[in-house]
Amino acid sequence: MDLELARLPVLERYKLLIGLVIPRPIAWVSTWSENGVANCAPFSFFNVISEEPPLCIVSFNRRSDGAMKHTLKNIRRTGEFVVNLADEGTANAMHASSAELPESESEFTKTGLTPVPAKMVKHPRIGEAAASLECRVERRIEFGPEREMVIGEILLIHAREGVVDPESRRISEANYRPIGRLFGSRYSTTRQRFNLPGSLPPGELP
Ligand SMILES: Cc1cc2nc3c(=O)[nH]c(=O)nc-3n(C[C@H](O)[C@H](O)[C@H](O)COP(=O)(O)O)c2cc1C
């Protein structure tokens, strides 16, 4: 089957793309609103794309009423944001925080999360998250009225106790159990990890 995207309705493209490119990592982005309400929401059009400079991308569409997502509004206003990484223990809160709340209501309050001051940006990090990446906007790219991508420079990583080994700086497989997004309300764990035989190309860490 060949599916030429230009011939497909936008919703069909979306369904195909988010169903095929799985599991996707989830940026659980936290920000303060202009009026001091702590906001957080998950975004799975997300990844890290570079270590020098250290960069991540997050891509936003519109709220159901066509308005700009509150997260993007807060990022545009301040030029900063925090990407928190959800794991099995915080999965329910992450999913619930995707609700389209009015700007005056906090997803932190609704889901029982704790806003903790970040170190290098003015927004809060999620206290319960496995790790948080404090980011400054490197640039924004608008792809038309519906889509906008933010490239963030990662300034600081905060990791929950036990997630990063202080000596080797390796990530603990036992203590970090990230989840990935599949489609709709479906997610995957990373419980079945495996090695493949053979050598790695130069530059890939063993
Ligand atoms: C797991 C998950 C991933 C999501 N990924 C995205 C995404 O990549 N881009 C986007 O614009 N919305 C995404 N959403 C929807 C937003 O989380 C949702 O619109 C949220 O209400 C935005 O909140 P805000 O207006 O407070 O920023 C996702 C939702 C879920 C549950």
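We're numbering straight along the sequence, starting at 1. Just the heavy atoms: all of them, side chains too, but no hydrogens, waters or symmetry mates, feed the values below. In listed order, ligands and their atoms are each counted from 1.
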Minimal non-hydrogen separation, Glu138 against Leu55, with atom names: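 Closest approach of Glu138 to Leu55, heavy atoms only: CG-CD2, 4.0 Å.
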
Quick check on [X]: does its [atom1] atom have over 12 non-hydrogen neighbours (other residues, nucleotides or ligands) under 6.0 Å away?
{"X": "Leu17", "atom1": "CG", "answer": "yes"}
{"X": "Arg186", "atom1": "CZ", "answer": "no"}
{"X": "Asn195", "atom1": "CG", "answer": "no"}
{"X": "Glu34", "atom1": "CD", "answer": "no"}
{"X": "Lys69", "atom1": "NZ", "answer": "yes"}

Charged N to carboxylate O below 4.0 Å: is that the case for Glu107 and Lys110?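 Judged by the 4.0 Å cut-off on N to carboxylate O distance, Glu107 and Lys110 do not form a salt bridge.
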
Would you call Lys122 and Glu80 a salt bridge, taking side-chain N to carboxylate O under 4.0 Å as the test?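 Judged by the 4.0 Å cut-off on N to carboxylate O distance, Lys122 and Glu80 do form a salt bridge.
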
Tell me which one of Ala91, Ala41, Ser98 gets a heavy atom nearest to atom 21 (O) of ligand 1.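 Looking at heavy atoms only, Ser98 sits closest to atom 21 (O) of ligand 1.
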
My understanding is that we take every heavy atom of each candidate and find the minimum distance to atom 17 (O) of ligand 1. Doing that for Pro42, Ser44, Cys40, Gly180, which one comes out nearest?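 Looking at heavy atoms only, the winner is Pro42.
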
Using a 4.0 Å heavy-atom cut-off, say whether [X] meets ligand 1 through its side chain, its backbone, both or neither.
{"X": "Thr71", "value": "both"}
{"X": "Arg181", "value": "side chain"}
{"X": "Ser97", "value": "neither"}
{"X": "Ser59", "value": "backbone"}

Do [X] and ligand 1 have an N or O pair less than 3.5 Å apart?
{"X": "Tyr187", "answer": "no"}
{"X": "Phe45", "answer": "yes"}
{"X": "His95", "answer": "no"}

Going by the atom numbers of ligand 1, which of them fall below 4.0 Å from some non-hydrogen atom of [X]?
{"X": "Glu100", "result": "21 (O)"}
{"X": "Phe60", "result": "11 (O)"}
{"X": "Asn39", "result": "26 (O)"}

Protein heavy-atom partner closest to [atom] - residue, atom, separation in Å:
{"atom": "atom 15 (C) of ligand 1", "result": "Lys69 NZ, 3.7 Å"}
{"atom": "atom 6 (C) of ligand 1", "result": "Phe43 CA, 3.5 Å"}
{"atom": "atom 24 (P) of ligand 1", "result": "His70 N, 3.5 Å"}
{"atom": "atom 25 (O) of ligand 1", "result": "Arg63 NH1, 2.6 Å"}

Could you establish whether Glu107 and ligand 1 come within less than 4.0 Å of each other, counting only heavy atoms on the residue side?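 Yes, Glu107 has a heavy atom closer than 4.0 Å to ligand 1.
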
Looking at ligand 1, would Ala99 count as a contact under a 4.0 Å heavy-atom criterion?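 Yes, that is the case, since the closest heavy atom of the residue is under 4.0 Å from the ligand.
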
Flag, side chain of Ser50 to backbone of Pro53, donor-acceptor distance under 3.5 Å: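 Such a contact is found between Ser50 side chain and Pro53 backbone.
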
Could you go through Thr71 and Asn74, starting from their C-alpha distance and side-chain angles, then the distance that decides it, and tell me whether this counts as side chain to side chain donor-acceptor pair (under 3.5 Å)? CA-CA 5 Å; Thr71 303; Asn74 296 339; 5.9 Å; no

How far apart are the C-alpha atoms of Asn84 and Ser30, what are their side-chain angles, what is the distance that settles it, and do they pass the side chain to side chain donor-acceptor pair (under 3.5 Å) test? CA-CA 7 Å; Asn84 304 273; Ser30 52; 2.8 Å; yes

